[in-house]
S.K.: 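Attaching a single structure in structure tokens format; questions to follow.
By convention in this document, chain letters (A, B, ...) are assigned in the order of the sequence lines, proteins followed by strands, and residues within each chain are numbered from 1.
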Amino acid sequence: GAVVSQHPSRVICKSGTSVKIECRSLDFQATTMFWYRQFPKQSLMLMATSNEGSKATYEQGVEKDKFLINHASLTLSTLTVTSAHPEDSSFYICSAMRRGSSNTGELFFGEGSRLTVL
Amino acid sequence: LAKTTQPISMDSYEGQEVNITCSHNNIATNDYITWYQQFPSQGPRFIIQGYKTKVTNEVASLFIPADRKSSTLSLPRVSLSDTAVYYCLVGDPSGGYNKLIFGAGTRLAVHP
């Protein structure tokens, strides 16, 4: 079946540094990918919609200059957390949609990336 | 935006059938209903998707009444490994699932 892969799965960084998380659709092309953040015991919170070849659309309250999203190809979107702080520590999850033959679509999620900022 | 409401938590025992109901009163005409399962520290995993009536696959069934304002995920004969959080989402796949919002989900605990 379709697979979405994230890398790295875990990352620890120092406060003030930047961290890049990759999201790849391994066996299908995804014009749209989504980035979520999830804190412990909470639901997924949509951060932004990543569109191939255009600027990402950010949800209200999400700083676009802090969470840089680049969707340079049909199989890769990246999220860069710039000048990370401890409060940015979270579980970041991406998803990509594969369109079905009847114009339905399944959202496939990556394994998630746990960011810890010291 | 189609908002979903689910029970916060449910408990069951191995071998029982579990039914989780989701309310989505504002579902739009083009919206599909999709259920996902999430284990701790993992991304959500697709379970089932439907538009109306009943859909069944190898792991679950999805019941959708005619008015589509709710849906019920049915897990037959659950096992301990089915302990997870279950989310129902509504969205229009032809529209790219724009603004797909997760609700709180239902935390299912399966006991021996």
S.K.: Do A:K41 and B:V85 touch side chain to side chain, with heavy atoms closer than 4.5 Å?
M.R.: no
S.K.: Is there a path of hydrophobic side-chain contacts, each under 4.5 Å between heavy atoms, that joins B:Y36 and B:F39?
M.R.: no
S.K.: List the atom pairs, with distances to 0.1 Å, where a side-chain N or O of residues 107-118 of chain A and a protein N or O form a donor-acceptor pair under 3.5 Å, not counting sequence neighbours.
M.R.:
| from | atom 1 | to | atom 2 | distance (Å) |
| --- | --- | --- | --- | --- |
| A:E111 | OE1 | A:Q6 | N | 2.8 |
| A:S113 | OG | A:Q6 | NE2 | 3.0 |
| A:S113 | OG | A:P8 | O | 2.6 |
| A:R114 | NH2 | B:S41 | OG | 3.1 |

S.K.: Under 4.5 Å heavy-atom distance to chain A, tell me which part of B:R45 shows up: side chain, backbone, both or neither.
M.R.: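 Neither part, no heavy atoms under 4.5 Å.
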S.K.: According to a 4.5 Å side-chain heavy-atom criterion applied to Ile, Leu, Val, Met, Phe, Trp and Tyr, with indirect links allowed, do A:F91 and A:M33 form part of one hydrophobic cluster?
M.R.: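 No, no single cluster joins them.
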S.K.: Taking all non-hydrogen atoms of both residues into account, name the closest pair between A:I93 and B:Q38 and its distance.
M.R.: CD1-NE2, 3.7 Å
S.K.: Side chain, backbone, both or neither: which part of A:L44 has a heavy atom under 4.5 Å from chain B?
M.R.: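 Both parts, heavy atoms under 4.5 Å.
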S.K.: Please report the closest heavy-atom contact between A:S43 and B:A104, naming both atoms and the distance.
M.R.: CB-CA, 4.1 Å
S.K.: Is it true that A:V62 and A:Y92 fall in one hydrophobic cluster, defined by side-chain heavy atoms closer than 4.5 Å?
M.R.: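 Result: yes, single cluster for both.
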S.K.: Is B:Y87 close to chain A through its backbone or its side chain, or both, or neither, when contacts mean heavy atoms under 4.5 Å?
M.R.: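 Interface part for B:Y87: side chain.
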S.K.: Indicate if B:Y13 and B:M10 have the same hydrophobic cluster label, given that clusters are the connected sets of ILVMFWY residues with side-chain heavy-atom separations under 4.5 angstrom.
M.R.: no
S.K.: Could you state the interatomic distance from CZ (B:F102) to OG (A:S95), rounded to the nearest 0.5 Å?
M.R.: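 OG of A:S95 is found 7.0 Å from CZ of B:F102.
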S.K.: In terms of hydrophobic clustering (I, L, V, M, F, W, Y; side-chain heavy atoms under 4.5 Å; direct or indirect links), are B:L80 and B:L75 co-clustered?
M.R.: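 B:L80 and B:L75: one cluster.
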